[in-house]
Amino acid sequence: MATCPPDVPQRIGIFGGTFDPVHLAHLRLARAFRDEIALDQVRLIPAGQPYHRSARPQASPVQRLAMLDAALAGEPGLVSDAREIRRPRYAYTVETLQELRAELGAQAELWFLIGADSLEKLHTWHRWPQLLQLANLAVAIRPGFDAAQLDPAVAAHWQARQVSDFSNRTPSGTIRALALPPITLSATDIRQQLATGQDCSALLSPPVLAYIRQHRLYT
Ligand code: ATP
């Protein structure tokens, strides 16, 4: 009699950002995240009104989501998740992870992606130690990253929880560094370039650029 294979827990990546607009560095990062950790799916989650940014996003939440969907069409395993922009108030990351954990179950392997710049500020995030109880952390580090610059409490987790291979995969609690080639590109620069009429076709995917033109964004 054939035996059923054991249920393999899903491996889900979570990549939050303002995505104002989503650009090619975001897409490269999401693909590298998917491939390096062998994720079944990466959810790109546009933020509502980020509490830690002084400037409000320039494009509306609906527009940022539309650009994200345009960029992700045809990208295997990369999907948008609109939960944060649908919330009536700002969503803390820890709340988003709690929601995802409740939906996906205790056995799902969750990976939350942050850049090294965010890791340096992690100790200022709302209920940050709980993030590691809810998910694993993938940190995109750049050459020159220095763990000695981290807040001592974050550095302690960085040392104790880091794994360099996947022999012991767990639903949450480990940290993995992803060494990625640096890409000098930010949405801030792109908005400025668009505002001054410069050509950004090498920095944005074609459907995102078409959407920006059609809706006269960032002028
Ligand atoms: P802005 O310039 O408006 O702050 P951004 O380009 O940094 O935007 P975000 O939406 O804030 O884009 O970024 C989402 C995530 O993507 C963050 O974790 C950020 O660190 C990461 N990220 C953005 N650009 C790059 C890049 N060029 N290389 C590596 N990571 C990046």
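All of these numbers come straight from a predicted model, not from anything done at the bench.
Without hydrogens or angle criteria, H26 side chain to H23 main chain gives a donor-acceptor distance under 3.5 Å. D40 contributes a side-chain N or O that, together with a main-chain N or O of R11, makes up a donor-acceptor pair within less than 3.5 Å. Looking only at distances, no side-chain donor or acceptor of S80 sits under 3.5 Å from a matching main-chain atom of L44.
Contact of the P21 side chain with the R191 side chain is registered, since non-hydrogen atoms from C-beta on lie closer than 4.5 Å. Looking only at side-chain heavy atoms (C-beta outward), L122 and W158 stay at 4.5 Å or farther from each other. In this structure, the side chains of W128 and H157 come closer than 4.5 Å at one or more pairs of heavy atoms. Side-chain contact between I37 and R169 is present, with at least one heavy-atom pair separated by less than 4.5 Å. R43 places a side-chain heavy atom less than 4.5 Å from the side chain of L100. Side-chain contact between V42 and L113 is absent, with no heavy atoms from C-beta onward closer than 4.5 Å. Between F145 and V139 the shortest side-chain heavy-atom distance does not fall below 4.5 Å. A heavy-atom distance below 4.5 Å is found between the side chains of R31 and E75.
Of all non-hydrogen atoms in I114 and W125, the two that sit nearest each other are CG2-CH2, 3.9 Å. Pairing each heavy atom of A147 with each of A155, the nearest pair is O-CB, 4.4 Å. For the pair V22 and A71, the tightest heavy-atom approach, listed with the atom from each and the gap, is CG1-CB, 3.8 Å. In terms of heavy atoms, M67 sits closest to A59 at CE-CB, 3.9 Å. Closest heavy-atom contact between P171 and A108: CB-O, 3.4 Å.
No more than 12 heavy-atom neighbours from other residues, nucleotides or ligands sit within 6.0 angstrom of CZ on R86. Under a cut-off of 6.0 angstrom, the local environment of CZ in R161 is crowded, with over 12 non-hydrogen atoms contributed by other residues, nucleotides or ligands. Remark: Q159 CD is loosely packed, at most 12 non-hydrogen atoms of other residues, nucleotides or ligands lying under 6.0 Å away. Crowding of Q162 atom CD: a count of heavy atoms from other residues, nucleotides or ligands under 6.0 Å exceeding 12.
Here CZ of R34 is found 13.5 Å from CD1 of I12. Values are rounded to the nearest 0.5 Å. One distance of note links CG of N136 with CZ of F112; it measures 12.5 Å at 0.5 Å rounding.
Under the salt bridge (charged side-chain N to carboxylate O under 4.0 Å, His left out) test applied with E95, the options R87, R83, R101 reduce to a single match, R87.
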Give the intermediate values and the outcome of side chain to side chain contact (heavy atoms under 4.5 Å, CB included) for residues L110 and L104. CA-CA 9 Å; L110 299 190; L104 296 166; 3.6 Å; yes
Could you check L132 against I175 for side chain to side chain contact (heavy atoms under 4.5 Å, CB included), going step by step and ending with a plain yes or no? CA-CA 8 Å; L132 276 158; I175 300 178; 3.9 Å; yes
Go through R142 and L180 one step at a time and tell me if the side chain to side chain contact (heavy atoms under 4.5 Å, CB included) criterion holds. CA-CA 6 Å; R142 298 169 184 227; L180 301 174; over 6 Å; no
Would you tabulate the side-chain donor-acceptor contacts of residues 200-219 under 3.5 Å, counting partners in other chains and residues two or more places apart, or write 'none'?
unit_1: S201; atom_1: OG; unit_2: D199; atom_2: OD1; d: 2.7
unit_1: S201; atom_1: OG; unit_2: D199; atom_2: OD2; d: 3.2
unit_1: Y218; atom_1: OH; unit_2: D20; atom_2: OD1; d: 2.6

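Between F19 and F15, the ring planes are perpendicular. Angles over 60° get that label, and only those under 30° would be called parallel.
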